[in-house]
Amino acid sequence: MLLKTFESRRSGWEFLAVVLACAVGCGPAEELPEETGGQEEWGSTAQEIIVGNGLSLNGLSLNGLSLNGLSLNGLSLNGLAASSFDSWFQGDPTVRNEVMKYVVACAVPSGQTRSYTSGGTTYTWNGLLGLAPVWAGGSAATTAELQVVSACMAAHANKFGINVTISLLGLDGAGNTITYTTQELADYNVKEACFFGNLFDGSTGVFGGNDGLSLTSSQSSPRVCGLAGSPNASQCTPMTYVGSCSTYCTRDATNTFYISCTYNSVTYRPITTRMKPSDFYTCGDGVCQATESCGTGTTAKSCAADCGSC
C-alpha cells in the first residue's frame, strides 16, 4: 500500500504555502480511531512515496484550466490530444508542465502515466493517488472529481521551498475513503488544514482553512495559509483563507478527516492534511530556519537566538 505523503520544494519560483499549525509542545498527540475504514492494520508495511517540487502560485491561478479540454474529454490520450489542451499548454509550458504533474499525481492511480508530445518534446507525468477514477479512465470528469483534484493541488502549494511531507486524507471523487493506515496517523499526528474548491470551472478557485491548532509567537511553520492568524492576501493569493475548517466542513464518523465543506452555499469535496510534529520550528533551537528572521527578539519573525541580530 502507498503511504500518501508528498514533498514540497522550491522549483524556480516563490511558492505559495498552504497551512500548518502547532509544533512540539502544543499538546498531546491525538487518540487514533479504532476503525480506519478498511485500511491496513497497525504494523503493516507501507512504502512512502515522495512527489518533489511543490506546486507554485502560478499553478493555482485561474489561468485557463477550465478551457484545456481535459475536464470534458477525459484525462486520457484523447483529452491530451485535444487542440484546446495543446493551446492551453503552449501558453506557458514551464508552469503548465508543473500543473499537469500535480493534476496527474492527484487524479491518476499509482503505476499509470500520462504523456503529451509537442514540438519533439514529450512530457510524462506519473499517477499516484487515483482520486478521479472516471476522469482517469477517459470519460468526462465529475464535479466531485474536479473538486477533490483541486483540493489535492491546493494542499501541495509551498512557499518556502522547504522539504516537508504531508498526509492527505478524505474521500476520492467516487466517494471512497482514501486509504490510510494507523501508522500513518501516528506518524503524522498534527491536524493541519482543510482545502477545497474548484480550479477547473474558471471562477471558483480554492480555499484553505485551519484545522484547530495554532503556533506560539516563537514557533513557525513552512506552510502558512491554513494557519490561524497568519495569512494575508499577499501570502495566499489566489487561495482564499476561510478561518476554521469546522465552521464550514463536516467530519467523517471517525473524526479523522472532513467529508464535505460548504462555502458561499456551494458544497465541495475537500482534502484534509496532517503533518509531523518535527516539521514545526522554534526560535532558540539553534537553527535559523527559512521561516525565521534575524532581529533582537525571540519570536519567529525576529529570532536573534537562531539568526543573529540585524
Side-chain angles (χ1 to χ4, degrees), residues 4 18 37 55 59-80 82 84-85 88-89 96 99-109 112 114 125 127-157 168-179 193-209 225-226 238-242 245-253 256-273:
K4 313 157 312 310
V18 207
L55 185 61
L60 287 183
S61 65
L62 302 176
N63 56 6
L65 282 175
S66 63
L67 304 178
N68 63 25
L70 286 177
S71 59
L72 294 178
N73 295 319
L75 193 56
S76 62
L77 292 178
N78 288 338
L80 294 171
S84 55
F85 176 80
W88 171 79
F89 190 91
R96 290 169 188 180
V99 169
M100 287 305 300
K101 174 180 178 179
Y102 285 91
V103 169
V104 174
C106 291
V108 177
Q112 296 186 22
R114 295 295 185 269
W125 306 295
L128 184 64
L129 290 177
L131 300 181
V134 172
W135 196 19
S139 298
T142 66
T143 297
E145 287 183 331
L146 296 179
Q147 290 176 353
V148 74
V149 170
S150 296
C152 178
M153 293 170 67
H156 287 81
L168 273 69
L169 302 168
L171 303 177
D172 66 14
N176 301 311
T177 299
I178 301 171
T179 304
C194 59
F195 300 95
F196 56 92
N198 192 335
L199 290 167
F200 298 89
D201 65 2
S203 60
T204 300
V206 284
F207 309 93
C225 289
M239 191 180 303
T240 300
Y241 176 71
V242 298
C245 298
S246 61
T247 302
Y248 305 98
C249 305
T250 301
R251 287 192 180 274
D252 75 312
T256 305
F257 55 83
Y258 295 104
I259 58 175
S260 67
C261 296
T262 300
Y263 186 76
N264 288 338
S265 301
V266 179
T267 299
Y268 300 93
R269 180 72 49 84
I271 286 290
T272 306
T273 55

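If you're wondering where the values come from, they're calculated on a predicted model, not measured in any experiment.
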Ring centres under 6.0 Å, that's the criterion: do Tyr263 and Tyr268 meet it?
no
Can you check whether Cys194 and Cys245 have SGs under 2.5 Å apart?
yes
Output yes when a side-chain donor or acceptor of Thr240 lies under 3.5 Å from a complementary backbone atom of Phe207, and no otherwise.
no
Tell me, do Met239 and Phe195 make a side-chain contact under 4.5 Å, heavy atoms counted?
yes
Given the ring of Phe89, does Arg96 sit roughly above its face, with NZ or CZ under 6.0 Å from the centre of the six-membered ring and within 45° of the axis?
no
Would you compute the distance between atom CG of Leu146 and atom CG of Leu131 and round it to the nearest 0.5 angstrom?
12.0 Å
Could you walk me through whether Leu168 and Thr272 pass side-chain contact (heavy atoms from CB on, under 4.5 Å), step by step?
CA-CA 6 Å; Leu168 273 69; Thr272 306; over 6 Å; no
Which atoms form the tightest heavy-atom contact between Pro270 and Val148, and what is the distance?
O-CG2, 4.3 Å
Shortest non-hydrogen separation from Phe196 to Cys249 and the atoms involved:
CE2-SG, 4.2 Å
Measuring from atom CG of Asp172 to atom CG of Leu129, what distance do you get when rounded to the nearest 0.5 angstrom?
10.0 Å
Which of parallel (below 30°), tilted (30 to 60°) and perpendicular (above 60°) describes Phe200 and Trp135?
perpendicular
Distance in Å, Leu80 CG paired with Met100 CE, rounded so as to fall on 0.5 Å steps
5.5 Å
Ser260 and Thr267: side chain donor to acceptor below 3.5 Å
no
Flag, side chain of Arg114 to backbone of Leu75, donor-acceptor distance under 3.5 Å:
yes
Test of understanding: with side-chain hydrogen bond (donor to acceptor under 3.5 Å, both in side chains), list the residues that count as partners of Ser246, not counting sequence neighbours.
Ser244
Using the rule given for side-chain contact (heavy atoms from CB on, under 4.5 Å), can you reason through Val108 versus Leu128, listing the C-alpha separation, both sets of side-chain angles and the distance that settles it, and then say yes or no?
CA-CA 6 Å; Val108 177; Leu128 184 64; over 6 Å; no
Tell me the closest heavy-atom pair linking Gly173 and Ala144, and the distance in Å.
O-CB, 3.6 Å
For Glu145 and Val134, indicate whether the former's side chain and the latter's backbone hold a donor-acceptor pair under 3.5 Å.
yes
Nearest 0.5 Å please: distance from the CZ atom of Arg251 over to the CD1 atom of Ile259.
11.0 Å
Does Val104 form a side-chain contact (heavy atoms from CB on, under 4.5 Å) with Gln112? I'd like the steps, not just the answer.
CA-CA 9 Å; Val104 174; Gln112 296 186 22; over 6 Å; no
Side chain proximity check, Ile271 to Tyr258, heavy atoms < 4.5 angstrom
no
Answer yes or no: is there a side-chain heavy-atom contact under 4.5 Å between Leu171 and Asn176?
no
So, taking the atom named OG1 in Thr273 and the one named CZ in Phe257, what distance separates them when rounded to the nearest 0.5 Å?
13.5 Å
All side-chain hydrogen bond (donor to acceptor under 3.5 Å, both in side chains) counterparts of Thr250, not counting sequence neighbours
none
With heavy-atom distances below 4.5 Å as the criterion, would you say the side chains of Thr204 and Gln147 are in contact?
no
